[in-house]
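The structure appears right after this line, and notes come after that.
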2 protein chains.
Amino acid sequence: MSISSRFAVGIHILTLIEFNKDGITSSEFLASSVNTNPAVIRKLMGMLKKAGLIEVHPGIAGAKLTMKLSDITLFDVYKAVNVVQDKELFSIHENPQLSCPVGRNIQNTIEPIFATAQGAMEKVLKNVTLEDVMNDIVAGENIG
Amino acid sequence: MSISSRFAVGIHILTLIEFNKDGITSSEFLASSVNTNPAVIRKLMGMLKKAGLIEVHPGIAGAKLTMKLSDITLFDVYKAVNVVQDKELFSIHENPQLSCPVGRNIQNTIEPIFATAQGAMEKVLKNVTLEDVMNDIVAGENIG
DNA sequence: AAACTTGTAACTAAATTAATTACATGATAT
DNA sequence: ATATCATGTAATTAATTTAGTTACAAGTTT
């Protein structure tokens, strides 16, 4: 199964807020670019706000970033939108048979390997900032 | 969301087949160690067989590995049990608004980043063999 | 033929996702 | 102050996936 598109949409939201920084970026505006329902966007905005990435206020139209794009990594977004919990990218079967040598050791053996694999994936996300994403979008505009 | 425990169970199955190589490793035997239903195990056995990792025959009790543990990586198991498709660890929202600069570039921008992150995770799995897993299980037996 | 095994299909309950609708609450402009 | 518009949030839905369960056909052995 795949990691929720909340992550991709979260990146989209933050990038577009910056792209539209001189205008008002409402949930409806974002929803139209993402092509989804404004309520979906508002739920995500709530998560991004809770993580301290954006500033939004009830009744006041528009969201703003709280930091520079270069200070926000994809890992920050990934954590903000809650798509994968710590050490839970891979699930391990519960209650193996303890009277079996394999059954009683498999969890302890596998867990650190899975954690390492998850960590390697997350490290890539830590090394990409929203500024990198923005630059690529702008380049796509100029070349494509 | 998490990657299916089919992966962890697949590792369990293969390791136990080797551990019990002088005996007969039936789906019922495996199911009791994993603590699940034999039909679940047989379905996984079918996947492992299709991937060429084990040999099983209708009507004949027991499965055997087709290779040495040191020749099977966790990545092989991961692919065999079909838990994550190529370039699909992360899902990306479909149909963003093409009239928006961010909407029309976000997919192309994000895709390679996600592929890199997935690749980093999978690289870890490629660098661990079932022999490593077995050694850790044996060590757990001797120390723990 | 009886007993046992693998291979598979059909069905279930639980969990998650993404979308949708609805509405309370907050802010603002006329 | 009231109409208007935005955010915040809850409830509901359909679709998908998972893991388990039951059942049974087909192959093998004794």
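The basis for the numbers below is simple: all heavy atoms, side chains too, and nothing from hydrogens, waters or symmetry mates. Residue numbers begin at 1 in each chain, while the letters A, B, ... track the order of the sequences.
Between B:G52 and B:M67 the shortest heavy-atom distance is O-CE, 3.8 Å.
The separation between A:I17 atom CD1 and D:dA6 atom P is 16 Å, rounded to whole Å. Between B:E28 atom CD and D:dT22 atom P the separation is 14 Å, expressed in whole Å.
Listed by residue number, the members of residues 30-55 of chain B with any heavy atom below 4.0 angstrom from DNA chain D are B:T36, B:N37, B:A39, B:V40, B:R42. Listed in residue order, the members of residues 4-11 of chain A having a heavy atom less than 4.0 Å from DNA chain C are A:S4, A:S5, A:R6.
Two residues are said to be in side-chain contact when any heavy atoms from C-beta on lie closer than 4.5 Å; A:F7 and A:V84 fail this criterion. Residues A:L44 and A:M47 are in side-chain contact: their nearest non-hydrogen atoms beyond the backbone lie under 4.5 Å apart.
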Before you tell me yes or no, could you show the steps for B:V9 and B:R6 under side chain to side chain contact (heavy atoms under 4.5 Å, CB included), namely the whole-Å CA-CA distance, both residues' side-chain angles and the distance that decides it to 0.1 Å?
CA-CA 5 Å; B:V9 174; B:R6 283 200 302 275; 5.7 Å; no

From CA spacing to verdict: side chain to side chain contact (heavy atoms under 4.5 Å, CB included), B:I113, B:F90:
CA-CA 10 Å; B:I113 300 169; B:F90 299 90; over 6 Å; no

Kindly indicate, with the supporting measurements, whether the criterion side chain to side chain contact (heavy atoms under 4.5 Å, CB included) is fulfilled by A:N35 and B:H93.
CA-CA 9 Å; A:N35 193 28; B:H93 53 300; over 6 Å; no

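Counting non-hydrogen atoms of other residues, nucleotides and ligands closer than 6.0 Å to NZ of B:K64 gives a total above 12. Remark: A:K43 NZ is loosely packed, at most 12 non-hydrogen atoms of other residues, nucleotides or ligands lying under 6.0 Å away. No more than 12 heavy atoms of other residues, nucleotides or ligands shown are found within 6.0 angstrom of CD on A:E28.
B:S91 contributes a side-chain N or O that, together with a main-chain N or O of A:I3, makes up a donor-acceptor pair within less than 3.5 Å. Judged purely by atom type and a 3.5 angstrom limit, A:S26 uses its side chain to pair as donor or acceptor with the backbone of A:F29.
Ranked by how close their nearest DNA chain C nucleotide is to the 5' end, A:N82 and B:S27 are led by B:S27.
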Side chains of residues 129-138 of chain B: which donor-acceptor pairs under 3.5 Å do they make with residues two or more places apart or in other chains?
unit_1, atom_1, unit_2, atom_2, d
B:T129, OG1, B:E131, N, 3.2
B:T129, OG1, B:D132, N, 3.2
B:T129, OG1, B:D132, OD2, 3.4
B:D132, OD2, B:T129, N, 2.9
B:N135, ND2, B:E131, O, 3.4
B:D136, OD1, A:T109, OG1, 2.9

For residues 73-83 of chain B, tabulate all N or O donor-acceptor pairs below 3.5 Å that involve a side-chain atom, not counting sequence neighbours.
unit_1, atom_1, unit_2, atom_2, d
B:T73, OG1, B:F75, N, 3.2
B:T73, OG1, B:D76, N, 3.2
B:T73, OG1, B:D76, OD2, 3.2
B:D76, OD2, B:T73, N, 2.9
B:Y78, OH, B:E122, OE2, 2.6
B:N82, OD1, B:Q85, NE2, 3.4

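Think of the region where chain B sits on DNA chain C: with heavy atoms and a 4.0 Å cut, that region ends 5' and 3' at C:dT5 to C:dT17.
Using a 4.0 Å heavy-atom distance criterion, A:H93 is classed as making no nucleic acid contact.
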Do nucleotides 25-30 of chain D as a string where each nucleotide becomes B, S or -: B if the base has a protein heavy atom under 4.0 Å, S if just the sugar-phosphate does, - if no protein is that close.
--BS--

